[in-house]
Amino acid sequence: MMQPASEQFRIIADGAAEILPEEELIAKLERSVRERRPLVVKLGCDPSRPDLHLGHAVVLHKLRQFQELGHEAVLIIGDFTATIGDPSGRSHTRPQLSLEETRQNARTYVEQATKVLLPERLQIRFNSEWLETITLRQLITLTAQCTVAQMLEREDFARRYAQGEPIGLHEFLYPLAQALDSVAIRADIELGGTDQRFNLLMGRHIQRFSGQEPQCLVLMPLLEGTDGTEKMSKSAGNYIALTDPPEEMFGKLMSIPDSLIVRYFRLAAFASEEEARQLEEELRRGHCHPRDAKAMVASRIVAFYHGEEAARWAAEEFDRVFKYHQLPSNIPEIVLPSTELPVVELLVQAGLVSSRSEARRHIQQGAVRIDGERIQDWTARIGLERERIVAVGKRRVARIRHG
RNA sequence: GGGCAGGUACCGAAGUGGACAAACGGGGCAGACUGUAAAUCUGCUGGCGGGACGCCUUCGGAGGUUCGAAUCCUCCCCUGCCCA
């Protein structure tokens, strides 16, 4: 049985940055309840980069809420654009992929996305299905629906244009292609990050042109990365992947700046507005230590992806390594053929450093410890007649033995 | 098609014949400190070499001038702006 529209709206709006237009969404929800017809909720994804992170999870979680409300979630895999790639050659964000690669990536994507989504209530569509066969005639009719000035309104186009950075003509076509996805599945609602506003609005525009009722937009805030400034992205290297192992996920979460604790609680740990307000208040009054708050948020996020048990273990492990400066409990074992060799060689062969120069630098800076003892002399030779525990900094540790 | 301005390391950006493996900033890594992989301070940040020095590779690409080129010349490729 469907929940009343007003209650549904409350859930949908919770945590959303923006809903456009609100009245239309309410009207759609009311009609949906009245006619017992679920709404089609669209989320597009780019299969050229199948590594999902906590930033993606913000939107995925919103889609999941729609699933729980009984609506129809449609995941659009943008395989068409992925197989075309980005011919400008300057952007590495859209490498050209073969059809098989795209399919493989899509599988990986769905696998990761269903850590958040309910797999049994998920429809998956590939947009090559309807984009592949478009004719030039159709394309021209479509492009006539939008002026250059309108295109240049998009924030990043405007910025790049103003700064004299190149904009490929094909880039203008991507928002239109995305809009056609909405037409193809007759989307009632499209989800995205706030950076997708322009593209999703284009969906409304083109749907109207195609004689359809325009979709509503539910825009989610963009989660900052672990550096605390830029939005989380793979290219910025400030991301926490959904597939990161528990201890790594926990560690990365502990490294976020204090100012982001509540935001992560809300967006990444999916805490309710009420919970978030409470935590904020406790932090403000000093009733809760920022470190403890962060550990709590981290545990909750790790638990969501890996379970309670793993979260507890990751928290303990973190204290062990960083609070009590002990060795991690899981140290990878590496077997080398030699019984004795220079430290520099040892570090390189064990894969703990990428070059001999780097090895020397680390040794000189006192970052290298063998069996807990700091090595300062880079000409030293190390015997492997027994197992050695070799550490480069706190995070690169290996058990090395001869074999 | 013409004119002008550009292309430098992971990114941004100096450098216009030797002192340049290339300033500076960001990022990254490490050390100290700490509640943390936060903040702060310090160091490192092309590779190779038993090494405060030497060698090799690098400044859009290919040639050339020179004892010596990121820097000068020729051709080519790429980007932006203006004109057509």
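Atom set for the values below is all heavy atoms of this structure, side chains included, hydrogens, waters and symmetry mates excluded. Lettering of chains follows the sequences in order, A, B, ..., and the numbering in each one begins at 1.
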- Query: Under 4.0 angstrom, heavy atoms only, what part of the nucleic acid is G251(A) near: base, sugar-phosphate, or nothing?
  - Reply: base

- Task: Please give the nucleotide sitting opposite U74(B) as a Watson-Crick or G-U wobble pair, both distances under 3.5 Å, or none.
- Result: A62(B)

- Message: Under 4.0 Å, heavy atoms only, any strand: does R381(A) hit a base, just the sugar-phosphate, or nothing?
- Response: nothing

- Query: Taking atom C1' of C29(B) as reference, at what distance in whole Å does atom CD1 of I363(A) sit?
  - Reply: 15 Å

- Between U79(B) and C29(B), how far is it from one C1' atom to the other, in whole Å? 33 Å

- Message: Nearest whole Å is fine: how far is C29(B) P from L347(A) CG?
- Response: 17 Å

- Rounding to a whole Å, what distance do you find between F318(A):CZ and A38(B):P? 9 Å

- Task: Classify the angle between the aromatic ring planes of H61(A) and F304(A) as parallel (below 30°), tilted (30 to 60°) or perpendicular (above 60°).
- Result: perpendicular

- Query: Atom CZ of R374(A) and atom P of A30(B): how far apart are they, to the nearest Å?
  - Reply: 13 Å

- Salt bridge present between K231(A) and E224(A) (N-O < 4.0 angstrom): no

- Item | Interatomic distance at C1', C11(B) relative to C59(B), whole Å | 15 Å

- Item | Donor-acceptor pair present, Q365(A) side chain and G31(B) base, under 3.5 Å | no

- Query: Say you pick atom P in G2(B) and the same atom in C55(B); how far apart are they, in whole Å?
  - Reply: 46 Å

- Item | Partner nucleotide, any strand, of C10(B) [Watson-Crick/G-U, under 3.5 Å] | G26(B)

- Between T379(A) and Y324(A), name the one whose nearest nucleotide on RNA chain B is closer to the 5' end. Y324(A)

- Between G7(B) and G60(B), how far is it from one C1' atom to the other, in whole Å? 6 Å

- Considering only NZ, NE, NH1 and NH2 on the basic side and carboxylate oxygens on the acidic side, decide whether R320(A) and E317(A) come within less than 4.0 Å. yes

- Electrostatic pair D156(A)-R154(A), nearest N-O below 4.0 angstrom: yes

- Message: In whole Å, I'd like the distance from the CG atom of D292(A) to the P atom of U36(B).
- Response: 11 Å

- Task: Could you measure between the two P atoms, the one in G47(B) and the one in U57(B), and give it in whole Å?
- Result: 16 Å

- Within this structure, what is the NZ-to-C1' distance between K294(A) and U36(B), rounded to whole angstrom? 6 Å

- Message: What is the distance, to the nearest angstrom, from the CD atom on E230(A) to the P atom on G27(B)?
- Response: 10 Å

- Item | Span that lies between the P atom of U58(B) and that of A22(B), in whole angstrom | 16 Å

- Ion pair present between R159(A) and E165(A), side-chain N to carboxylate O less than 4.0 angstrom? yes

- What nucleic acid atoms does R160(A) come within less than 4.0 Å of, heavy atoms only: base, sugar-phosphate, or nothing? nothing

- Query: Does any nucleotide pair with C67(B) by Watson-Crick or G-U wobble geometry, both distances under 3.5 Å, and what is it?
  - Reply: G18(B)

- Query: Counting any heavy atom closer than 4.0 Å, what does K323(A) reach on the DNA or RNA strands: base, sugar-phosphate only, or nothing?
  - Reply: sugar-phosphate

- Considering only heavy atoms and no angle criterion, is a donor-acceptor pair shorter than 3.5 Å present between the side chain of D258(A) and the base of G35(B)? yes

- When you measure from the side chain of R361(A), which nucleotide among G47(B), G35(B), A37(B) comes out closest? G47(B)

- Message: For a quick test of reading the model: is some side-chain N or O of S255(A) closer than 4.0 Å to OP1 or OP2 of A38(B)?
- Response: no

- Find the partner of A32(B): check Watson-Crick (N1-N3 plus N6-O4 or O6-N4) and G-U wobble (N1-O2, O6-N3) distances, both under 3.5 Å, and reply none if neither fits. U40(B)

- Any cation-pi pair here, K252(A) with Y239(A), using under 6.0 Å and within 45°? yes

- Item | Nearest-Å distance once atom P is located in both C56(B) and A19(B) | 15 Å

- Query: Considering only side-chain heavy atoms of H325(A), which listed nucleotide, A32(B), A37(B), U34(B), is closest?
  - Reply: U34(B)

- Please work out if Y161(A) contacts a base, only the sugar-phosphate, or nothing of the nucleic acid, heavy-atom cut-off 4.0 Å. sugar-phosphate

- Message: Checking base pairs now: Watson-Crick or wobble, both atom distances under 3.5 Å. What partners U79(B)?
- Response: A5(B)

- Nearest-angstrom distance, P atom, C81(B) to G26(B): 31 Å

- C48(B) phosphate, OP1 or OP2: any side-chain N/O from S355(A) under 4.0 angstrom? yes

- With nearest nucleotides of RNA chain B determined for V348(A) and M254(A) from heavy-atom distances, which residue corresponds to the more 5′ nucleotide? M254(A)

- Message: Whether R291(A) contacts U34(B) is assessed here as follows: a side-chain N or O lying under 4.0 Å from the phosphate OP1 or OP2. Is that the case?
- Response: no

- Message: Counting the atoms with a prime plus P, OP1 and OP2 as sugar-phosphate, which does H362(A) contact under 4.0 Å by heavy atoms, base, sugar-phosphate, or nothing?
- Response: sugar-phosphate

- Whole-Å gap separating C1' (A38(B)) and CD (E224(A)): 15 Å

- Item | F157(A)/F172(A) aromatic ring centres below 6.0 Å | yes

- Taking everything shown except E68(A) itself, do over 12 heavy atoms lie less than 6.0 Å from its CD? yes

